[in-house]
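Heads up, the thing below is written out as structure tokens.
For reference, positions follow the sequence shown, starting with 1.
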Amino acid sequence: MNSSNTNNGQSNNGKSSRLDGINRDLGLYFLELSRLRSSAAPTEMEEDEEEAPKELNTINSSGGFLVVAPDKLSVKYTTVNLHGHDVGVVQANKPAPVKRLLYYFEIYVKDAGAKGQIAIGFTNEGFKMRRQPGWEVNSCGYHGDDGLLYRGQGKGDAFGPTYTTGDTVGGGINYASQEFFFTKNGVLVGTVCKEKEMKGRLFPTIAVHSQNEEVHVNFGQKKFAFDLKEYEAQERLKRQMTIEKISLPPNISYGLVRSYLLHYGYEDTLNSFDLASKSTIPPVYIAQENGFDEQDIGYALNQRKILRQLIRNGEIDAAISKLRDWYPQIVQVGALEEAVKYGRIELAKFFRLAGFDDLVQDCVALLAYEHPQESCVGYLLEESQRDLVADTVNAMILSTNPNTQDMEGCLQSYLERLLRQLTACCLERRSANGEQGEAFLLRRVL
């Protein structure tokens, strides 16, 4: 008898210890979410704004064969071309920004000069400043005298029309498709794959190669001849259409939505959703083999619904009372003196956690205001924060399910885990492109 009691005590202590560990992990997870949702921290980190080219680089250029105007936006070939390497080349003062969908700049050919040997393109930092862009590795150039495109060698490929006096020509990089693109007089000439080895810093580059050739550069200080915004919109639409062509059985998407409603305890909405899905033609039936374990996420559905409603309505005392009745192991409230002591000990832990100081201080500051909603820390009482509290309580209740094996399932629904996987895949793809292209922001996608 005594032995049995001892074993039961050890078993209960083990369960209690496990629950304490789960509660601690869940608490830290939702505390981090609260910190990210606070006014002091953005929900998603935006990337630092890159400095874009604004003018030509007068220091690193083949200065003996061209003159750069005082505004550093115009160049002219002033000498007589005697040799093939007597090229007047100049790069922009900054490399093309890479943390965006597209980069683009234009040139206006004021004078094609004696031979019209003008070129526009992109070169790397170590490019030889006596060669046309495209004639050396790690460079690409669209040439005006023959309309050819040169990529890393002296032999060009058929690409587009020639260009001469009065023409406006543009060059750009599409980081999503990893392509260069070129335009003439506001019309897209064509695109070409960017070589894999050209992942470093690339500078907008122009070249002049015969007497009196004169070119003006537009880095965006005035309106482009080419409609860049429309082109960007078309590129986004292409990617969206590619995604929409992927066939997805209705029961999969319905299952994801249904599991979300189950997970967060939206019982009334779930009932309406089920009714609507059965009213479609043909009806949508969600089979268990789709991988949705409704037994776990359907646990204590009605109680979780009631608690969410109470918390969202600000009826915290009623919510705590329900929790005490239904889940005393979650809410353990003793004497006031003990509660204050417990609060001091627990808050002290969070003060020592880097990044949480401001949030904890704001929480404590709420006690100092007679009307906390109107205070500078009133954001903690906004509806979004109530939702976070409701999500925390929801996860705590799900964790009490004796059949729960996957703690991740208590934190997030299948739909949210799928979105996390989407984010991870997009970041991996961007990494494979040398961190070029737009940063993936789920908020922007949704």
Side-chain angles (χ1 to χ4, degrees), residues 52-53 73 75 87 89-92 96-98 100-113 115-124 127 131-136 138-195 198 202-210 213-239 436-437:
L73 293 172
V75 296
V87 183
V89 185
V90 60
Q91 294 177 325
V98 299
R100 55 174 67 180
L101 178 62
L102 307 170
Y103 173 75
Y104 179 77
F105 77 108
E106 286 182 343
I107 62 171
Y108 170 71
V109 183
K110 185 176 181 180
D111 193 332
K115 299 180 181 179
Q117 295 176 327
I118 298 166
I120 179 174
F122 294 90
T123 59
N124 71 349
F127 184 74
R131 303 280 283 167
Q132 290 269 17
W135 285 2
E136 295 286 332
N138 291 319
S139 70
C140 177
Y142 173 32
H143 293 209
D145 59 331
D146 53 19
L148 299 182
L149 185 80
Y150 294 79
R151 286 188 296 169
Q153 57 183 353
K155 182 181 178 181
D157 299 316
F159 184 69
T162 60
Y163 52 90
T164 186
T165 303
D167 288 329
T168 298
V169 184
I173 307 174
N174 184 331
Y175 292 112
S177 62
Q178 287 293 296
E179 293 177 320
F180 292 111
F181 64 96
F182 294 92
T183 69
K184 177 183 175 182
N185 296 330
V187 178
L188 180 68
V189 173
T191 63
V192 62
C193 181
K194 185 161 73 73
E195 300 295 336
M198 291 186 66
L202 296 177
F203 290 77
T205 305
I206 58 172
V208 285
H209 199 182
S210 71
E213 289 178 0
E214 185 175 354
V215 173
H216 294 189
V217 189
N218 179 10
F219 289 120
Q221 66 270 23
K222 57 184 179 181
K223 185 178 179 180
F224 291 129
F226 181 64
D227 192 338
L228 188 62
K229 287 188 177 180
E230 175 61 23
Y231 185 62
E232 183 174 315
Q234 290 175 3
E235 288 302 299
R236 292 188 191 281
L237 183 60
K238 276 186 198 175
R239 291 193 292 168
Q436 296 182 355

Check your understanding: For Trp135 and Val87, which heavy atoms make the closest approach, and how far apart are they?
Key -> CZ3-CG2, 4.4 Å

Review point. Is Arg239 salt-bridged to Glu235, going by a charged N under 4.0 Å from an acidic O?
Key: no

Check your understanding: With no hydrogens and no angle check, is any side-chain donor or acceptor of Lys184 less than 3.5 Å from a backbone partner on Thr162?
Key -> yes

Review point. Distance from Glu213 atom CD to Asp111 atom CG, nearest 0.5 Å?
Key: 8.0 Å

Check your understanding: Rounded to the nearest 0.5 Å, how far apart are NE2 of His143 and CG of Leu148?
Key -> 8.5 Å

Point to revise | Nearest atoms (heavy-atom pairs only) where Phe219 meets Phe224 | key: C-CZ, 4.1 Å

**Study point:** Minimal non-hydrogen separation, Ala112 against Ser210, with atom names
**Key:** O-OG, 4.1 Å

Check your understanding: Just how far is it from atom CD of Gln132 to atom CZ of Phe127, taken to the nearest 0.5 Å?
Key -> 8.0 Å

**Study point:** Validation row, ring centre Phe180 to ring centre Tyr142 under 6.0 Å
**Key:** no

Check your understanding: Do Glu106 and Tyr108 have side-chain N/O donor and acceptor atoms under 3.5 Å apart?
Key -> no

Point to revise | Polar side-chain atom of Thr183 near backbone of Leu188 as donor-acceptor pair, under 3.5 Å | key: no

Review point. Rounded to the nearest 0.5 Å, how far apart are CZ of Arg236 and CD of Gln234?
Key: 12.5 Å

Review point. When the ring planes of Phe159 and Phe182 are compared, do they come out parallel, tilted or perpendicular, using 30° and 60° as the limits?
Key: perpendicular

**Study point:** For Thr191 against Tyr231, the heavy-atom pair lying closest together
**Key:** CG2-OH, 3.9 Å

Review point. Given the rule in the side chain to side chain contact (heavy atoms under 4.5 Å, CB included) test, do Tyr163 and Asn185 qualify, once you have shown the distances and angles that lead to the verdict?
Key: CA-CA 9 Å; Tyr163 52 90; Asn185 296 330; over 6 Å; no

Review point. Atom NE2 of His216 and atom CD1 of Ile206: how far apart are they, to the nearest 0.5 Å?
Key: 10.0 Å

**Study point:** Distance in Å, Glu214 CD paired with Ile107 CD1, rounded so as to fall on 0.5 Å steps
**Key:** 12.0 Å

Point to revise | Step-by-step side chain to side chain contact (heavy atoms under 4.5 Å, CB included) determination, Asp145 to His209 | key: CA-CA 10 Å; Asp145 59 331; His209 199 182; over 6 Å; no

Practice item. Could you tell me which non-hydrogen atom of Cys140 sits nearest to which non-hydrogen atom of Val192, and how far apart they are? Key: SG-CG1, 4.5 Å

Exercise for review: Would you mind reporting whether Gln436 and Ile173 have side-chain heavy atoms less than 4.5 Å apart?
Suggested key: no

Point to revise | Exam field: side chain Gln117 to backbone Gly113, donor-acceptor pair closer than 3.5 Å | key: no

Exercise for review: Please assess Leu202 against Lys194 for the test side chain to side chain contact (heavy atoms under 4.5 Å, CB included), listing each intermediate value before the final yes or no.
Suggested key: CA-CA 11 Å; Leu202 296 177; Lys194 185 161 73 73; 4.1 Å; yes

**Study point:** Pair Thr123-Gln91, side-chain donor/acceptor within less than 3.5 Å
**Key:** yes

**Study point:** Residue pair Glu179 / Cys193: nearest heavy atoms and the distance that separates them
**Key:** CG-CA, 4.2 Å

Practice item. Look at the aromatic rings of Tyr103 and Phe122 and report parallel, tilted or perpendicular, splitting at 30° and 60°. Key: perpendicular

